[in-house]
Every structure is written in C-alpha cells, then in structure tokens.
Enquirer: 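Structure incoming, see below.
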Amino acid sequence: MKILVTGGAGYIGSHTVVELQNTGHNVVVIDNLSNSKEIALQRVSQITNKPIDFYNIDIRDFNALDKLLDKYSFDCCIHFAGLKAVGESVQKPLDYYDNNVGGTVTLLRALNKHNCKNIIFSSSACVYGNPKIIPITEECPKGLCTNPYGQTKHIIEEIMKDLQKCDSDWNIVLLRYFNPIGAHKSGTIGEDPNGIPNNLMPFITQVAVGKRPELNVFGDDYDTHDGTGVRDYIHVVDLARGHVSALKAIENKCGLEIFNLGTGNGYSVLDVVHTFEKVNNLKIPYVIKPRRAGDVPTCYSNADKAKKVLGWSAQFNLEDMCRDSWNWQKNNPNGYDE
C-alpha cells in the first residue's frame, strides 16, 4: 500500500516507518520537525536500506497538503502528528487544540477532497481518564481527561466517529496506546524528547547516562504492590507493528474500529527501575516525591481484541524494553544532536 505518515520523524512514527518499509509498503512522510529531527528518517533509511520521500509540512497547512495529495495517490494515512507533552498542554492549551484538533480537521478535509478515506489515528489510553475497570477494554467508557493533551485525543476520536457516521466510505482505526518505551534494536533510532521528558524511561536513561543526578518517583503510597503507580509499558517496536496489523482492518473495509495497544501487564515505576538496573548492570538512584495531581494509581490494558481481530499481540517483555532503551541512550547520549 501507499501510505502517508504524518509525524513520521517522531519517536513512534519513525519506528512505524521501519516496520512499514520492512513489510513492503511504500511510505511518504510529512513532519514539521517541531519535536523531531530529519536525521531520524536518514537513520530509518539506513536500517531498511530504502529511501523515504519526506516533506516538511505542517498538518494545519491545507494548501501544502493539497499539493502533496495531488502528487501522490495514497491508500491510507497513518496520523501521528501532534503535540504530546501533558504538562505543556496545561500551560499552552490553545496551542494543543490548534495543532492537534485543528490540524487533524485540516488533514481530514484534504484527505476527503482527494478521496483518501482510510486513516489510522494515534490515540491514547488517557481518553479513559481514571478507569473504572482494570484491565481496560475498548468497551470501557471514556472518562474525564485530566489535561488538554488527553482532551485533544478524545475530541479527535469524536470528530472521526462523526465523520465515519456521516460518510460510510471512510474506514477509520483508532489505536489507543498505553506507554511506549524501548527503541530499535540497532540503537540508531529512539526517543529524543525536547527539553524535560514527559515519560518515565527517558528520565531513567538520562540518570543512567549522567545527565541527571537522580530519578524523581512521584508517590509511593498508592494502592499497588509497592506503592508506586502501575502502567502498561509496551515496546515501541511492538506498537509500530500494531499499526502495520491495523492496515488489515482498513483493507477489510472496517468502518470504524477501536483497538487498545498494550501488553496487558501492569508494571510499577519501581518495577521498571529495578528491571532496568538488572538487565543493564547499572544503579539508578531515586528519591520519593509527593504524588502528582491527575496521576491515576493503576492503568493497564486488555488487548485481546487486537489479537482476535488483527492477529497482533506484544512480543517484547519489560527486560527487552529496558535493554533497548539503554542501548539507544548509551549510543546517543545527546539524542540526535551528536
């Protein structure tokens, strides 16, 4: 298939491009490079030994999208492009609604005009809010999102549902991610956050590489096996392969489908820290801090639907995730800025 990948130079996008190319799909990437670097795509090309057509395009630029869609005939769009820092979204809500929601509406208008009515959307488990049922299935009600970033994912999902309801020619897959960590086994592409990281693993690897003196663990009094928050961490390569599998639903004219992409296992913050220490033979000093507002105690998935419908399930365990995360960081202590 000919696939348009928005945000394809980012962390999850770049790993997905690898898997798409490795399975024979033709890929065109657009990215405005606001939170990514073009060198990531150069390294993807080295991994796959295939060129990538790349365009520096912002998804809010209808004219640029229109010209691109005139040039290519796409079978499907995989839509990653979006701002994703939870804390920043609280500080800059208008930027998040403008970029994530407004940009997606512009993208959908452009795709609609060119009759490319197949899209896979990068959503998030944060749409479940503080979940009432654990493990979380796709049938669980969406909760109150605790930040503007989560709200944008919720709103985009609703927009896409309304679009498919009014035009049944659209085939839309909403993929609700849990917590991606890890990196490609080559150690040449990985997570390279701008400024302060938003996720646990980059903090751990930055402590390991000497950029930070210690890890802050927010709360050790939750109702969990060791008092720290429990999450469903998934290897980014498994997540990338989930997108390739989701193309099967598109090919089968799925209408609108929703899938959780997670391992179905809950790991605490300290589980991740201690596993990282064990597999990499390193010590990660940490200090306990007060709970953060909005954090939920436990959040992990039931991913049975993806296995049943798409034939997809996570293959990597927490040790793999920790090993590959460190392999990326130690080989690229400054990320892509070497």
Enquirer: Determine, for R323 against D320, whether the closest basic-nitrogen to carboxylate-oxygen distance falls under 4.0 angstrom.
Expert: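 Judged by the 4.0 Å cut-off on N to carboxylate O distance, R323 and D320 do form a salt bridge.
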Enquirer: Could you list the residues that satisfy side chain to side chain donor-acceptor pair (under 3.5 Å) with K84, not counting sequence neighbours?
Expert: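 With sequence neighbours excluded, K84 shows a side chain to side chain donor-acceptor pair (under 3.5 Å) to no residue whatsoever.
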Enquirer: Taking side chain to side chain donor-acceptor pair (under 3.5 Å) as the criterion, tell me which of K211, Q329, R212 meets it with Q206.
Expert: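 With Q206 as partner, K211, Q329, R212 yield a single side chain to side chain donor-acceptor pair (under 3.5 Å), made by R212.
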Enquirer: Could you go through the side chain to side chain contact (heavy atoms under 4.5 Å, CB included) check for E191 and T205 one step at a time?
Expert: CA-CA 10 Å; E191 188 168 12; T205 58; over 6 Å; no
Enquirer: Output every pair passing salt bridge (Lys or Arg N to Asp or Glu O under 4.0 Å) with a member in residues 226-245, not counting sequence neighbours, ordered by first then second residue.
Expert: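 Found E19-R241.
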Enquirer: Hey, what's the ring geometry for Y55 with Y72, parallel, tilted or perpendicular (30° and 60° as the breaks)?
Expert: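 Correct class here is perpendicular.
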Enquirer: Checking side-chain contact (heavy atoms from CB on, under 4.5 Å) against M201, which of W328, F276, Y233 comes through?
Expert: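 Among the candidates, only F276 passes.
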Enquirer: Taking atom CG of L65 and atom CG of D70, what is their separation to the nearest 0.5 Å?
Expert: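 Going from the CG atom of L65 to the CG atom of D70 covers 11.5 Å.
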Enquirer: Is it true that a side-chain atom of K248 and a backbone atom of L310 form a donor plus acceptor pair closer than 3.5 Å?
Expert: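 Yes, K248 side chain to L310 backbone: donor-acceptor pair under 3.5 Å.
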Enquirer: Using a 3.5 Å distance criterion without hydrogens, assess whether the side chain of R43 forms a donor-acceptor pair with backbone atoms of S14.
Expert: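 It does not hold such a pair.
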Enquirer: Please assess H184 against N327 for the test side-chain hydrogen bond (donor to acceptor under 3.5 Å, both in side chains), listing each intermediate value before the final yes or no.
Expert: CA-CA 9 Å; H184 191 267; N327 188 40; over 6 Å; no
Enquirer: Can you give me the closest heavy-atom contact between N260 and A306, atom names plus distance?
Expert: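 For N260 and A306, the tightest heavy-atom pair comes out as O-CB, 3.9 Å.
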Enquirer: Measuring from atom NZ of K2 to atom OG of S73, what distance do you get when rounded to the nearest 0.5 angstrom?
Expert: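 The distance works out to 9.5 Å.
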Enquirer: Have H225 and D271 got a donor and an acceptor in their side chains that come within less than 3.5 Å?
Expert: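 Yes, side-chain donor-acceptor contact under 3.5 Å.
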Enquirer: Quick one: sort the H243 and Y177 rings into parallel, tilted or perpendicular, breaks at 30° and 60°.
Expert: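 Answer is perpendicular, since the angle exceeds 60°.
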Enquirer: So that I can tick it off, tell me whether E158 and K161 are bridged by a salt bridge, with the cut-off set at under 4.0 angstrom between side-chain N and carboxylate O.
Expert: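 A salt bridge is present here (some side-chain N lies under 4.0 Å from a carboxylate O).
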Enquirer: Quiz question: by atom type and distance under 3.5 Å, do the side chains of E277 and H274 form a donor-acceptor pair?
Expert: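 Looking only at side-chain atoms, H274 and E277 do form a donor-acceptor pair, the distance falling under 3.5 Å.
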